[in-house]
There are 2 protein chains.
Amino acid sequence: MAATIKSVAELAGVSIKTVSRVVNKEGTVKPDTLQRVEQAIAELKYTPNKAARDLASNATSVLGYVYDNPNAYYIIDMQKGILDVCRKNNFELLIHPCDASSENIAQELVDMVDSAQLAGLVLSPPLSEMPDVLHHLNEKNISYVRILSGDSEFSSTLPYVLVNDFKAAFHITEHLIAQGHKHIAFIAGEVIHKSTTERLNGYKAALKKASIPFDESLVIEGTYSFETGVKSADVLLSMQARPTAVFACNDEIAAGTLFGARMKGVDVPKDLAIAGFEDSPFSRQTFPPLTTASQPTNEIAQSATSSLIQYLRAKKTKSHFDNLTQTFIPQLVVRSSTKVSL
Amino acid sequence: MAATIKSVAELAGVSIKTVSRVVNKEGTVKPDTLQRVEQAIAELKYTPNKAARDLASNATSVLGYVYDNPNAYYIIDMQKGILDVCRKNNFELLIHPCDASSENIAQELVDMVDSAQLAGLVLSPPLSEMPDVLHHLNEKNISYVRILSGDSEFSSTLPYVLVNDFKAAFHITEHLIAQGHKHIAFIAGEVIHKSTTERLNGYKAALKKASIPFDESLVIEGTYSFETGVKSADVLLSMQARPTAVFACNDEIAAGTLFGARMKGVDVPKDLAIAGFEDSPFSRQTFPPLTTASQPTNEIAQSATSSLIQYLRAKKTKSHFDNLTQTFIPQLVVRSSTKVSL
DNA sequence: AGCCAAAATGACAACGCTGTCATTTATTAT
DNA sequence: ATAATAAATGACAGCGTTGTCATTTTGGCT
């Protein structure tokens, strides 16, 4: 049926090993044999059998992307970025959405890596920040790359990519302050996400720099959801000393806040400025569109995936792996939810 | 390192073939040997090597999900549904986002199935409706299941799942009519999507049933995007005989229309009723929330995937495959964008 | 007990590739 | 030219399964 390495070898008049060398670009093949073999490969439309390859080389080339994140856009972007790099490197991608709050998530991941025979994992928050999970993976000697917002207390020789939410939050808050706001509320998402505290800290730092006292009562704890935004708007707008601006931990919360403000007949941005975070597509589609911070999710994913693949290669050949970490800073995007003149 | 079938066989005191029988649930093993083997498997934490298995059985158990759809929520839901069924059946899933409008998309898919050695494909619109693509797949004897909105002119013995957009659009339009509207505009998405024409036809049918003459000028052609909605609002609201209601082909367009209406100071739903389609999360998060049609994407995906797996099994054992097609009808969800009293 | 069919189990090749090591061929230095 | 070395190629075992077919065991009958 399908061409095998044997049929290619016969057609090219060489041994199967030489074909293997060509396919794997080992480089130790004479130009003219190389050409003959390539010709034969093309003629027979030969594709190496993955199963045979994996079996013989005792290594798979499938990565897993594990995530628990409600933001569909983020996930889709991540997937695309990871896939791009996978394709370029002849890796495949298995996706594994899961529930980070589940009791035995660590075991689930270990089992999954095991049964799917994965070469490594790409972990995005919050999984990438859960010591228990990382610990289990390390114990089983599973390779992974992490995408982190802010430094991790959990160090290892494995690669990771940093997204500096602190600075981005700092910039957003500074922007609000620059608009003349002094009463700025902060609506937090789940605290299990490290980004939540990073963003809160960025917010605090900007206040401090502007000598605006931090007011605990202006911080509302919630989840990364529209509902949190709606409820928070209700709370904030009923306060005696109403805030004039809100920094929501993500766009969904911000959209909810906007919704809540409108329900109360509060004009945005005149009576209340609202900023989000993440630059989701719908941050552009609310009325008015939301000021937010934009991160290059696709690039982040690519960077993480290349690191992982490099790491895996180094591990296989037992050569040295240079753990050079890339850092990304989400960029402030100003839209009319915080600026009247826009 | 990892346990193999051999080590399990030794521990259990049987031949590797018997272990294989147990693992594959062939059923021809005596209860007590079965138990001994299972015990050994558990003790050694044995997981069959996928590569060896695939190689020996000459069949992979990896499905591909191919899509080109801008709706992140839809894709995520589809992925989850497909994955659920895959996991239950020990299949794996490879995702393949692509560009349906690319010149050689058909070839790309064929190559991809080839190089990734896929067992079959799950196709969602618009790929599932492109004769050229299907033709190429058939030629290469590639198995696939299609998710279709409305009957397909391209028939084959392969399974498919129907989503009746016609009826759903009919219901939405009827709802608008029931609210007293007689001038109802229709904003279309890309015509490459069959769902677009299906929805248009449903709209027409409902008008007809209510004896409302179909007015060509109330139909706007666009894309499934927010921008289309914004622009269409502009056009529609500048007409001499303004429509009082809009049926947008999906929620994103509807959100854009809403945005456009607001820009013009038009009150929704009082001066303009707006309905969308798809029940995206953000249809709940606009102000006012959007009336829409909700489809059980997850279930649809599951249904499609089971069909495909059944088909593959039947094909392998050369037994008969019963092509029983399931049909889903998106349900009307009424929210305040079309109903004042809500 | 003795026979037979059916059920249970095992021996072993094969799947298509890579890794190891031996062999051949080309290249360089003398 | 010749030896010494490097580069190119090949032979063949093995990777961990499943499939085929042979063999052993079991249970039901006489």
Side-chain angles (χ1 to χ4, degrees), chain A residues 1-38 40-41 44-62 90 92 114-117 119 313 316-318, chain B residues 1-38 40-41 44-62 90 92 114-117 119 313 316-318:
Chain A
M1 201 68 188
T4 70
I5 199 172
K6 212 170 153 189
S7 54
V8 173
E10 272 168 21
L11 180 59
V14 297
S15 73
I16 59 169
K17 183 67 217 192
T18 298
V19 177
S20 170
R21 286 187 180 103
V22 171
V23 170
N24 293 293
K25 303 198 192 350
E26 288 183 23
T28 58
V29 179
K30 270 206 289 189
D32 67 321
T33 38
L34 181 93
Q35 206 225 313
R36 272 211 324 283
V37 172
E38 277 176 341
I41 289 177
L44 298 174
K45 293 188 182 171
Y46 167 69
T47 321
N49 180 302
K50 272 207 155 53
R53 202 178 233 193
D54 287 351
L55 181 57
S57 65
N58 186 30
T60 66
S61 47
V62 183
N90 279 312
E92 277 165 24
D114 220 67
S115 80
Q117 253 113 56
R313 290 209 223 282
K316 192 180 174 189
T317 62
K318 296 189 178 178
Chain B
M1 199 70 186
T4 70
I5 199 172
K6 213 170 152 190
S7 54
V8 173
E10 271 167 23
L11 180 58
V14 297
S15 73
I16 59 169
K17 184 66 217 192
T18 298
V19 176
S20 171
R21 286 187 180 104
V22 171
V23 170
N24 294 293
K25 303 199 193 348
E26 289 182 22
T28 59
V29 178
K30 269 204 292 186
D32 67 323
T33 38
L34 180 94
Q35 205 226 313
R36 269 208 329 281
V37 173
E38 278 176 340
I41 289 177
L44 298 174
K45 293 188 181 169
Y46 166 69
T47 321
N49 181 302
K50 274 208 154 53
R53 204 177 230 190
D54 287 351
L55 180 58
S57 64
N58 187 32
T60 66
S61 46
V62 182
N90 279 311
E92 275 164 26
D114 220 65
S115 80
Q117 252 113 56
R313 290 208 222 283
K316 192 180 175 189
T317 61
K318 296 187 178 177

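Lettering follows sequence order; numbering is per chain, from 1.
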Output for pair (B:S7 OG, B:I41 CD1), nearest 0.5 Å, gives 10.0 Å

To the nearest angstrom, the CG-P distance between B:N49 and C:dC17 comes to 16 Å

Rounded to whole Å, CD of A:E10 lies from P of C:dC17 at a distance of 13 Å

In terms of heavy-atom contacts, A:I5 and A:Y46 come closest through N-CE1, 3.5 Å

In whole angstroms, the gap separating P of C:dA7 from CD of B:E26 amounts to 15 Å

A:R21 meets the side-chain contact (heavy atoms from CB on, under 4.5 Å) criterion, sequence neighbours left out, with A:K17, A:T18, A:E26, A:T28, A:V29

Listed pairs, N/O of protein and of nucleotides 10-13 of chain C, under 3.5 Å:
unit_1, atom_1, unit_2, atom_2, d
C:dG10, OP2, B:S15, N, 2.8
C:dG10, OP2, B:S15, OG, 3.0
C:dG10, OP2, B:T18, OG1, 2.7
C:dG10, N7, B:R21, NH1, 3.3
C:dG10, O6, B:R21, NH2, 2.7

Between the protein and nucleotides 24-28 of chain D, are there any N/O to N/O pairs under 3.5 Å, and if so, what are the atom names and distances?
none

Side-chain (B:T60) to main-chain (B:Q117) donor-acceptor, under 3.5 angstrom: yes

The answer to which of B:N24 and A:D32 contacts DNA chain D further toward the 5' end, by nearest nucleotide, is A:D32

From the candidates C:dC17, D:dA8, C:dT18, the one with an atom nearest any side-chain atom of A:Y46 is C:dC17

For B:V23, report the nucleic acid contact type (base, sugar-phosphate, nothing); a contact means any heavy atom under 4.0 Å. nothing

So the side-chain hydrogen bond (donor to acceptor under 3.5 Å, both in side chains) pairs with at least one residue in residues 50-59 of chain A (sequence neighbours excluded) are A:N24-A:R53, A:K50-A:E92

Scanning both residues in full, the closest heavy-atom pair of A:A12 with A:A40 reads CB-CB, 3.9 Å

When rounded to the nearest 0.5 Å, the distance separating OG1 of B:T47 from CG of A:D114 is 4.0 Å

From NZ of B:K6 across to C1' of D:dT18 the rounded distance in Å is 16 Å

The correct set of residues in residues 52-60 of chain A placing a heavy atom under 4.0 Å from DNA chain D is A:L55, A:A56

Rounded to whole Å, CD of B:Q117 lies from P of C:dC15 at a distance of 16 Å

Residue pair B:V29/A:S20 against DNA chain C: nearer the 5' end by closest nucleotide is B:V29

**Asked** Do the non-hydrogen side-chain atoms of B:V19 and B:V14 ever get within less than 4.5 Å of each other?
**Response** yes

A:Q35 CD to D:dT9 P, in whole Å, measures 13 Å

When rounded to whole Å, the NZ to C1' distance for the pair B:K50 and D:dT17 reads 13 Å

Rounding to the nearest 10°, end axes of the helix from C:dA1-D:dT30 to C:dT30-D:dA1 built from five pairs each make an angle of 30°

**Asked** Does A:T4 place a side-chain N or O at less than 4.0 Å from the phosphate oxygens OP1/OP2 of C:dC15?
**Response** no

